[in-house]
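Take a look at the structure set out below.
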Amino acid sequence: MILGSDLSALAAGNGAAAAKTLSLVVPLFNEAAGLPQLHDRLVALAATLRQRYGLGCEVIYVDDGSADATLSVARGLSAPTLDVQVVSLSRNFGKEAALMAGLDHAGNGAVLFMDGDGQHPPALVEQLVQHWIVDSYDVVYTAKAHRDNETWLRRTAVRGFYMLINWGARQKIPEDAGDFRLLSPRAAAALRQLPERNRFFKGLASWIGFRQIRVDYEPEPRSHGITSFNAARLVGLSIEGLTSFSVAPLRIASLLGLLLAFVAFLFGLSILWETMVSGKSVPGYPSLVVGLMTIGGVQLIMIGIVGEYIGKILSELKARPIYFVAEHSVKRADTTTNTGERTAAE
């Protein structure tokens with residue numbers, strides 16, 4: 001039984017890469033206002049990539065249960081220089097599921113993930129493609145050049161998150177790396193073979209290995225509206241990433257238990273010493289209450305951490321689909337004829 005996968009036939013170099021296609025995966029959630037402008041920029045980008053590298057492009061818009069007119073706007077987009085796929089999910093499954101849906105519907109060429117809010121500049125895509133085709137990198141990921149415009153609390157929280165998730169990990173996740181990244185054909189094929197349902201794309205794209213390079217950039221202002229990621233959702237996403245990709249919380253729980261046991265041992269020795277020296281024992285009520293509250297709190301924290309991992313195990317055992325597709329339409333380049341439209345649960 002072979003437990004690995006040989007992807008050596010999918011070369012990452014110049015000759016093989018240029019003959020492939022590039023699939024742009026763009027998850028959408030309530031992006032109707034800015035979608036036409038983003039699409040125009042991607043159309044111009046596709047023309048440039050075809051002229052410069054002979055690279056055929058397609059864009060895959062994944063509507064993740066939008067409540068506005070995102071789906072109808074996406075249906076009406078033209079396909080002058082690149083194929084346009086519109087994948088509509090049956091409900092809001094979350095960004096990780098939308099990214100997976102786009103990856104599943106992409107071709108066998110390279111895949112590039114970018115957000116639909118306009119903050120990932122399409123002009124930077126050409127540089128990412130150059131690193132793939134010319135420099136033979138398999139994973140080209142982007143990261144914020146700085147966080148000077150963010151609060152001290154958020155910068156500290158982000159730094160702490162990456163320190164925690166990388167603690168003891170054999171494959172580190174680059175700090176500040178985002179979902180805006182390009183995967184070569186073999187990197188995309190490797191990512192498709194990972195079977196877990198609780199997916200953390202930043203971690204998985206780093207875990208697969210291959211040659212990787214970082215590109216720093218300045219996110220552009222949102223083309224419309226405000227971000228839907230508030231503090232509560234960011235905390236939830238951090239917990240999801242930690243428990244899906246790292247065992248650091250379990251290790252911290254174990255160390256906290258050892259520390260508490262050590263403190264209790266020292267406290268017991270101090271009580272024994274005072275009793276032997278002065279012949280008087282320490283009044284027990286305050287110390288007993290504090291000790292019980294401390295132990296109880298630590299136990300609840302540990303139970304909560306273990307519960308998160310048990311929930312992940314339950315989710316994997318149930319093996320439910322990550323997403324369902326309600327509608328899938330395709331427009332081929334240089335035509336406005338819809339060549340394939342179906343409604344299905346995939």
Side-chain angles (χ1 to χ4, degrees), residues 10-28 31 34-63 73-87 98-142 179-189 191-192 205 215 217 220 328-340:
L10 297 173
N14 187 359
K20 299 292 184 179
T21 59
L22 175 65
S23 299
L24 304 168
V25 175
V26 185
L28 303 173
E31 304 290 355
L35 184 55
Q37 180 183 0
L38 174 64
H39 183 69
D40 290 341
R41 298 176 70 182
L42 294 181
V43 167
L45 171 67
T48 301
L49 294 178
R50 182 180 294 276
Q51 180 181 7
R52 187 159 300 178
Y53 299 104
L55 193 64
C57 294
E58 68 170 348
V59 60
I60 305 170
Y61 294 115
V62 183
D63 178 36
V73 171
R75 288 198 200 105
L77 296 174
S78 61
T81 60
L82 77 173
D83 296 346
V84 178
Q85 292 192 51
V86 179
V87 179
L99 291 175
M100 190 63 210
L103 181 62
D104 288 341
H105 287 81
N108 294 325
V111 178
L112 185 139
F113 301 103
M114 63 186 304
D115 288 350
D117 56 9
Q119 290 193 286
H120 292 164
L124 187 61
V125 173
E126 188 175 348
Q127 181 181 350
L128 306 187
V129 170
Q130 180 179 353
H131 282 304
W132 162 46
I133 293 180
V134 179
D135 303 327
S136 299
Y137 283 97
D138 287 287
V139 179
V140 187
Y141 64 91
T142 63
D179 293 320
F180 185 26
R181 65 182 66 214
L182 183 147
L183 303 177
S184 72
R186 63 178 176 180
L191 199 59
R192 288 188 183 99
V215 176
Y217 80 107
E220 295 183 356
H328 178 209
S329 62
V330 182
K331 288 183 180 179
R332 299 300 178 189
D334 300 320
T335 179
T336 57
T337 303
N338 193 326
T339 60

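Basis for what follows: all heavy atoms, side chains included, without hydrogens, waters or symmetry-related copies. The structure presented is a predicted model; accordingly, all values stated were derived computationally and were not measured.
Remark: Phe180 pairs with His120, Tyr217 by the ring pair (Phe, Tyr, Trp, His ring centres under 6.0 Å) rule, at least two apart or across chains. With sequence neighbours excluded, the residues that form a side chain to side chain contact (heavy atoms under 4.5 Å, CB included) with Asp179 are Lys95, Leu99, Phe201, Lys202.
Between Pro36 and Leu77 the shortest heavy-atom distance is CA-CD2, 4.3 Å. Taking all atoms of both residues into account, the shortest heavy-atom contact from Ala188 to Val111 is CB-CG2, 3.9 Å. Closest approach of Ser23 to Glu58, counting heavy atoms only: OG-OE2, 2.5 Å. The minimum heavy-atom distance linking Leu38 with Pro122 is given by the pair CD1-CG, 4.2 Å.
The distance from atom CG of Leu182 to atom CD of Gln127, rounded to the nearest 0.5 Å, is 11.5 Å. Taking CG of Leu42 as the start and SG of Cys57 as the end, the distance is 9.5 Å to the nearest 0.5 Å. In this structure, the separation between CD1 on Ile60 and CG on Leu28 is 12.0 Å, given to the nearest 0.5 Å.
Taking 4.5 Å as the limit, every side-chain heavy atom of Val59 sits out of range of all side-chain heavy atoms of Gln85. A heavy-atom distance below 4.5 Å is not found between the side chains of Leu128 and Tyr141. Leu112 has its side chain out of reach of Leu183: every pair of non-hydrogen atoms, C-beta onward, lies at least 4.5 Å apart. At a threshold of 4.5 Å between non-hydrogen side-chain atoms, the residues Val129 and Leu55 count as touching. Side-chain contact between Val26 and Asp115 is absent, with no heavy-atom pair separated by less than 4.5 Å. When side chains are defined from C-beta on, Met114 does not count as touching Val25, because their heavy atoms never get closer than 4.5 Å. Side-chain contact between Leu24 and Leu22 is present, with at least one heavy-atom pair separated by less than 4.5 Å. Annotation: side chain of Trp132 is in contact with side chain of Pro185 (closest heavy-atom distance under 4.5 Å).
Checking side-chain atoms of Lys331 against main-chain N and O of Arg75 turns up a donor-acceptor pair under 3.5 Å. In this structure, Thr21 contributes its side chain and Gly56 its backbone to no donor-acceptor pair below 3.5 Å. At least one donor-acceptor pair under 3.5 Å links the side chain of His39 to the backbone N or O of Ser78.
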Next item on the list: Walk me through it: do Val86 and His328 pass the test side-chain contact (heavy atoms from CB on, under 4.5 Å)?
Entry: CA-CA 6 Å; Val86 179; His328 178 209; over 6 Å; no
Note to self: One pair to check against side-chain contact (heavy atoms from CB on, under 4.5 Å): Val140 and Arg181. What are the steps and the verdict?
What the structure shows: CA-CA 6 Å; Val140 187; Arg181 65 182 66 214; over 6 Å; no
Next item on the list: I would like to know whether Asp138 and Arg186 meet salt bridge (Lys or Arg N to Asp or Glu O under 4.0 Å); could you show each step before the answer?
Entry: CA-CA 7 Å; Asp138 287 287; Arg186 63 178 176 180; 2.9 Å; yes
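For Arg192, the CZ atom counts as densely surrounded, since its 6.0 Å shell holds more than 12 non-hydrogen atoms of other residues, nucleotides or ligands.
When Val87, Leu35, Val73 are each tested for a side chain to side chain contact (heavy atoms under 4.5 Å, CB included) with Tyr61, only one passes: Leu35.
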